[in-house]
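Computed from a predicted structure; not experimentally measured. Heavy-atom basis, side chains included; hydrogens, waters and symmetry copies ignored.
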Amino acid sequence: MAEAVPVRCPACLRENGYTVPVFPCACGSPVVPPLDLAAEPLPLTRRTWSETWVAVRCGACGREGEWPHPEVGCASCGTVVRIPVHPLTPEPGAGSPGHPPHRPRPTPAHPTPDASGPGPGQGRSQGRGAAVGGTGAGPGHASPPARRPAFRPLTIRTGRDAVTTAALYLRWLGFQDVRQPDGRPVPSAAVDLRAPGLVAQVDPTTAPAGLRAVECVWLNGLTSCATSVYFALAGYTDEARIRADDLGIPLFVMDLTGMPQPVNDPADELLGTGA
């Protein structure tokens with residue numbers, strides 16, 4: 001397992017713990033991006049396809065592959081930062097072309113995001129006993145929490161991957177029968193996910209989620225008497241974070257490795273107690 005390293009947010013200067021992702025090489029050996037911790041992390045304000053991937057060489061077989069560039073969301077201000085990685089250096093004695101870079105095919109951690117999955121469990125031990133999103137126990141909640149296995153992320157390459165990852169994560173938290181609602185979707189950048197006792201939205205765009213988006217998911221949850229949750233790829237505006245804290249809306253940010261991370265206290269509570 002890769003070692004956790006501190007990464008300082010360039011916006012608020014808070015240090016966040018970051019565990020370097022480990023990817024599987026075609027030869028079966030683990031591949032870890034070599035972080036350049038001497039360089040300053042850069043805030044991610046706009047995503048481009050070429051910058052979301054980084055070339056990494058397998059130390060066992062020498063194969064070069066392209067993997068998601070390491071990113072981390074600040075737990076204090078919600079800023080998403082990209083962590084610099086050491087560039088590839090030519091292998092000694094390389095006189096002929098080696099293996100061409102490849103993009104690994106993502107393997108879903110589960111068959112489908114709406115199948116029944118493991119129940120709620122323990123995560124980070126914060127905020128036990130409080131209702132999340134201003135709602136009480138419902139059909140999608142279970143108590144007391146039981147131990148759950150580690151979440152298996154799905155590499156995010158498209159907007160659909162982001163929605164699938166959020167659905168898998170919600171099911172891992174203990175929400176049952178997570179799916180997109182039937183009927184004609186409302187024109188919006190965010191995608192709805194529903195489950196008994198849950199209203200969630202996933203924003204797969206490259207712009208930070210704003211105040212209106214957070215208020216909309218809160219109103220949808222209030223109307224349905226359900227917990228409201230929001231997932232975003234590019235983080236949140238300051239106004240959105242403040243409003244979410246006031247309303248008790250859990251906010252999660254996702255990086256391209258497919259690992260959602262909580263960015264406010266309600267999200268910490270949901271992660272700690274489960275659905």
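- Within the 4.5 Å cutoff, no side-chain heavy atoms of P250 are placed close to those of P262.
- Ion pairing of D245 with R243 is absent here, as no side-chain N (NZ or NE/NH1/NH2) approaches a carboxylate O to less than 4.0 Å.
- Residues P70 and V85 are in side-chain contact: their nearest non-hydrogen atoms beyond the backbone lie under 4.5 Å apart.
- One hydrophobic cluster, built from ILVMFWY side chains closer than 4.5 Å, cannot hold both I242 and V214; they sit in different ones.
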Test side-chain contact (heavy atoms from CB on, under 4.5 Å) applied to L37 and V5, step by step: CA-CA 9 Å; L37 298 179; V5 296; 4.1 Å; yes
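- In terms of modelled atom types and a separation under 3.5 Å, the side chain of R8 and the main chain of R14 share no donor-acceptor contact.
- Here L154 contributes atom CG and L256 contributes atom CG; the two are 11.5 Å apart, rounded to the nearest 0.5 Å.
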Stepwise side-chain contact (heavy atoms from CB on, under 4.5 Å) test for C58 and E64: CA-CA 6 Å; C58 175; E64 295 179 9; over 6 Å; no
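- A donor-acceptor contact shorter than 3.5 Å links the side chain of S228 to the backbone of V217.
- When all heavy atoms of A240 and L251 are compared, the pair lying nearest together is O-CD1, 4.4 Å.
- Between the CG atom of L44 and the CD1 atom of I83 there is a distance of 11.5 Å, given to the nearest 0.5 Å.
- F151 places none of its side-chain heavy atoms less than 4.5 Å from the side chain of L173.
- Side chain of W172 to main chain of P149: a donor-acceptor pair is present (N/O by atom type, distance under 3.5 Å, no hydrogens or angles).
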Audit row: T79, Y236, side-chain contact (heavy atoms from CB on, under 4.5 Å) steps and yes/no: CA-CA 7 Å; T79 300; Y236 303 87; over 6 Å; no
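- Note on V253: it does not cluster hydrophobically with L211, by side-chain heavy-atom contacts below 4.5 Å among ILVMFWY residues.
- P33 places none of its side-chain heavy atoms less than 4.5 Å from the side chain of W67.
- The minimum heavy-atom distance linking D238 with C77 is given by the pair OD1-O, 4.2 Å.
- The hydrophobic clustering, which links ILVMFWY residues whose side-chain heavy atoms are closer than 4.5 Å, places V72 and V22 together.
- By the 4.5 Å heavy-atom criterion applied to side chains, T257 and T155 are not counted as neighbours.
- No donor-acceptor distance shorter than 3.5 angstrom exists from the side chain of D255 to the backbone of P260, with no hydrogens or angles considered.
- Contact between G159 and P204 at its shortest, heavy atoms only, is CA-CB, 3.7 Å.
- Interatomic distance, CZ of R194 versus CG of L170, reported as 12.5 Å (0.5 Å rounding).
- Interatomic distance, SG of C9 versus CD of E15, reported as 11.0 Å (0.5 Å rounding).
- Taken from CD in E71 to CG in L42, the straight-line distance is 11.0 Å, to the nearest 0.5 Å.
- Here the side chain of D177 pairs no donor or acceptor atom with the backbone of A195 at under 3.5 angstrom.
- Hydrophobic clustering of Ile, Leu, Val, Met, Phe, Trp and Tyr side chains at less than 4.5 Å, counting indirect connections, keeps L88 apart from V31.
- Residues W218 and Y230 have side chains not in contact (no heavy-atom distance under 4.5 Å, counting atoms from C-beta outward).
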Test side-chain contact (heavy atoms from CB on, under 4.5 Å) applied to Q201 and L193, step by step: CA-CA 6 Å; Q201 282 198 325; L193 289 175; over 6 Å; no
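- Contact record, P41 with P84: CA-CD, 3.9 Å, taken as the closest heavy-atom pair.
- If you take CE on M259 and OG1 on T165, they are separated by 10.0 Å, rounding to the nearest 0.5 Å.
- Between F252 and F231, the angle of the ring planes stays under 30°, which puts this pair in the parallel group of the 30/60° scheme.
- Between P34 and V56 there is a side-chain heavy-atom pair separated by less than 4.5 Å.
- Nearest heavy-atom pair across L233 and T205 is CB-O, 3.9 Å.
- Here the side chain of Q176 pairs a donor or acceptor atom with the backbone of G174 at under 3.5 angstrom.
- Scanning both residues, V202 and A162, for their nearest heavy atoms gives CG1-O, 3.9 Å.
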